[in-house]
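The block underneath contains the structure these notes are about, expressed in structure tokens.
All heavy atoms count here, side chains included; hydrogens, waters and symmetry mates do not. Order of appearance sets the numbers: ligands from 1, and atoms from 1 within every ligand.
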Amino acid sequence: MFRSVARSAAGKHLLRRGYSTESVPDRKVAVLGAAGGIGQPLSLLMKLNPLVSRLALYDIANTPGVAADVSHINSRSEVTGYVGEEQLGQALEGCDVVIIPAGVPRKPGMTRDDLFNINAGIVKGLCSAIAKYCPNALVNMISNPVNSTVPIAAEVFKKAGTYDERKLFGVTTLDVVRAKTFYAGKAKVNVADVNVPVVGGHAGITILPLFSQATPKANLPEDEIKALTKRTQDGGTEVVEAKAGKGSATLSMAYAGAIFADACLKGLNGVPDVVECSFVQSTVTELPFFASKVRLGKSGVEEVLGLGPLSEYEKQGLESLKPELKASIEKGINFANKS
Ligand SMILES: NC(=O)C1=CN([C@@H]2O[C@H](COP(=O)(O)OP(=O)(O)OC[C@H]3O[C@@H](n4cnc5c(N)ncnc54)[C@H](O)[C@@H]3O)[C@@H](O)[C@H]2O)C=CC1
Ligand SMILES: O=C([O-])CC(=O)C(=O)O
């Protein structure tokens, strides 16, 4: 269903904000885990997104309150809260984009892989429901360990006969957000102008920021590039330690998740040249999943872009990350196939 708003006040407002469409299609977005630390601010940000017409907020508890609260905001989308597994189908029906921040976060001393035992099962259950109720939706996987939860989702969809590799995304946008912020600080450039691709995966050394391709160019010395790389790789841990047992990044993640979902919606709506980094099925390396720049279009992934020229340091980083990333991918695939 399309609502023609081109000449209306709403249409002019969207054009001013860079949403240059002749008409704005109706789009339903669901947030699964909407009452959580990420889910709540992400629901708020999706409510503010004028590309969303229906916003479904799902969790196993507390969504009625979050939905009532967010629904009072005077923006375009209609908000509905769904609570408990028996309402999951309704939440998902008709969805264009499903964002998944459901699952437990890290505490100090834990790795993302330590979350596998709990989150793998949560993601598997949610993806089975997606295969049933909205098999064509773009899935934005935030739940950790992303290096394993994305392969789990792929296997669940394959088993259900609904897998379309163009529609499954591991959200690595927070790595890009961090790389941009940290680079701008060191390079003394305007953060709003900065671009840095981040490739690989989303855990420790599998996070590989390509500062040799960062713009604006700053010619930072090698030791500063190494420090920036390490800080980007440990960005999640920096927040986990600062929160001292009260969880991991939620606000910056909600921001990053909202940026990525907005890019998916723009792609679906036919906006040209929408490019974001994401962990997707890939032939960029010999690994079956890999994060790199991805062009988004009307069916999801339109093109997985290559790595571009790498510095010697980045080439070494790429080789070092492969064994860990491969093992995490295989762990996810094995879990989905044996349970
Ligand atoms: N991809 C990324 O860059 C990042 C990923 N994360 C991950 O996001 C996940 C969520 O983090 P937080 O929001 O801080 O955790 P949280 O514990 O605050 O919220 C998680 C929410 O998921 C809900 N939930 C649990 N099982 C569910 C199910 N079966 N269906 C629906 N909802 C369910 C809980 O009720 C809770 O409201 C964690 O796994 C965390 O590691 C966190 C930051 C960055
Ligand atoms: O570090 C964590 O556990 C959460 C996360 O993925 C991040 O902040 O990048």
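- A donor-acceptor pair is defined here as one N or O able to donate and one able to accept, closer than 3.5 Å; such a pair exists between the side chain of Gln213 and the backbone of Leu307.
- Nearest to atom 43 (C) of ligand 1 among the protein's heavy atoms is Ala249 O, 3.3 Å.
- Proximity of the aromatic rings of Phe169 and Phe260 is defined here by a centroid distance below 6.0 angstrom, and this criterion is met.
- Few gaps surround CG on Leu305; more than 12 heavy atoms of other groups in view lie less than 6.0 Å from it.
- Atom 40 (C) of ligand 1 has its closest protein heavy atom at Asn144 ND2, 3.8 Å.
- Listed by atom number, the atoms of ligand 1 under 4.0 Å from Leu115 heavy atoms are 41 (O).
- Scanning the protein heavy atoms around atom 44 (C) of ligand 1, the nearest turns out to be Met253 SD, 3.2 Å.
- Residue Gly103 holds the heavy atom nearest to atom 15 (O) of ligand 1 of all those in Ala34, Gly36, Ala91, Gly103.
- Summarising the contacts of atom 18 (O) of ligand 1 with Ala203, Gly37, Gly39, the nearest heavy atom is found in Gly37.
- Heavy atoms of Met253 come nearer than 4.0 angstrom to ligand 2 in no pair at all.
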Inset, instruction - Could you go through the salt bridge (Lys or Arg N to Asp or Glu O under 4.0 Å) check for Arg106 and Asp114 one step at a time? - result: CA-CA 8 Å; Arg106 282 200 284 166; Asp114 292 333; over 6 Å; no
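- No N or O atom of Ala61 sits closer than 3.5 Å to an N or O atom of ligand 1.
- Every atom of ligand 1 with a heavy atom of Tyr58 under 4.0 Å away is listed here by number and element: 30 (N), 31 (C).
- The existence of a salt bridge linking Glu155 and Lys159 is excluded, since no basic side-chain nitrogen approaches an acidic carboxylate oxygen closer than 4.0 Å.
- Salt bridge present: Arg231 and Glu238 bring a charged side-chain N and a carboxylate O closer than 4.0 Å.
- Annotation for ligand 2: atoms under 4.0 Å from non-hydrogen atoms of Arg106 are 1 (O), 2 (C), 3 (O).
- Regarding atom 35 (O) of ligand 1, its nearest protein heavy-atom neighbour is Asp59 OD1, 2.6 Å.
- A donor-acceptor contact shorter than 3.5 Å is absent between the side chain of Ser77 and the backbone of Val79.
- Within the structure, the closest approach of His202 to ligand 2 falls below 4.0 Å when heavy atoms are considered.
- Scanning the protein for heavy atoms near atom 5 (C) of ligand 1, the closest one is Ile142 O, 3.0 Å.
- Ligand 2 has no atom lying under 4.0 Å from any heavy atom of Val239.
- Relative orientation of the Tyr183 and Phe211 rings is parallel, given thresholds of 30° and 60° on the angle between their planes.
- With ligand atoms numbered from 1 in the order given, ligand 1 contributes 14 (O) to contacts under 4.0 Å with heavy atoms of Thr250.
- Residue contact check: Ala249 has heavy atoms under 4.0 Å from atoms 8 (O) of ligand 2.
- Within ligand 1, counting atoms from 1 as listed, the ones closer than 4.0 Å to a heavy atom of Val146 are 1 (N).
- Not a single heavy atom of Arg106 lies less than 4.0 angstrom from ligand 1.
- Between Ser143 and ligand 1, a contact under 3.5 Å exists for no N or O pair.
- Regarding atom 38 (C) of ligand 1, its nearest protein heavy-atom neighbour is Val104 O, 3.2 Å.
- Every atom of ligand 2 is numbered from 1 in the order shown, and the set under 4.0 Å from a heavy atom of Gly236 is 1 (O), 7 (C), 8 (O), 9 (O).
- Taking distance alone, with nitrogen or oxygen atoms compared against 3.5 Å, Asn144 approaches ligand 2 more closely than that limit.
- When only modelled atom types and interatomic distance are considered, Asp175 and Thr232 share no side-chain donor-acceptor pair under 3.5 Å.
- Under a 4.0 Å N-O distance rule, the pair Lys28/Glu93 does not qualify as a salt bridge.
- Of the listed options Lys243, His202, Met141, His202 places a heavy atom closest to atom 2 (C) of ligand 1.
- Polar contact with ligand 1: absent for Ile122 (N/O pair, distance under 3.5 Å).
- Ion pairing between Arg76 and Asp26 holds under the 4.0 Å rule for side-chain N and carboxylate O.
- Residue contacts with ligand 1 include Pro101, since one of its heavy atoms falls under 4.0 Å from the ligand.
- Of all protein heavy atoms, the one closest to atom 11 (O) of ligand 1 is Ile38 CD1, 3.4 Å.
- Residue contact check: Asn119 has heavy atoms under 4.0 Å from atoms 39 (O) of ligand 1.
- Remark: the Thr173 side chain and the Glu276 side chain contain no N/O donor-acceptor pair separated by less than 3.5 Å.
- The nearest heavy-atom contact from the protein to atom 17 (O) of ligand 1 is Pro105 CD, 3.5 Å.
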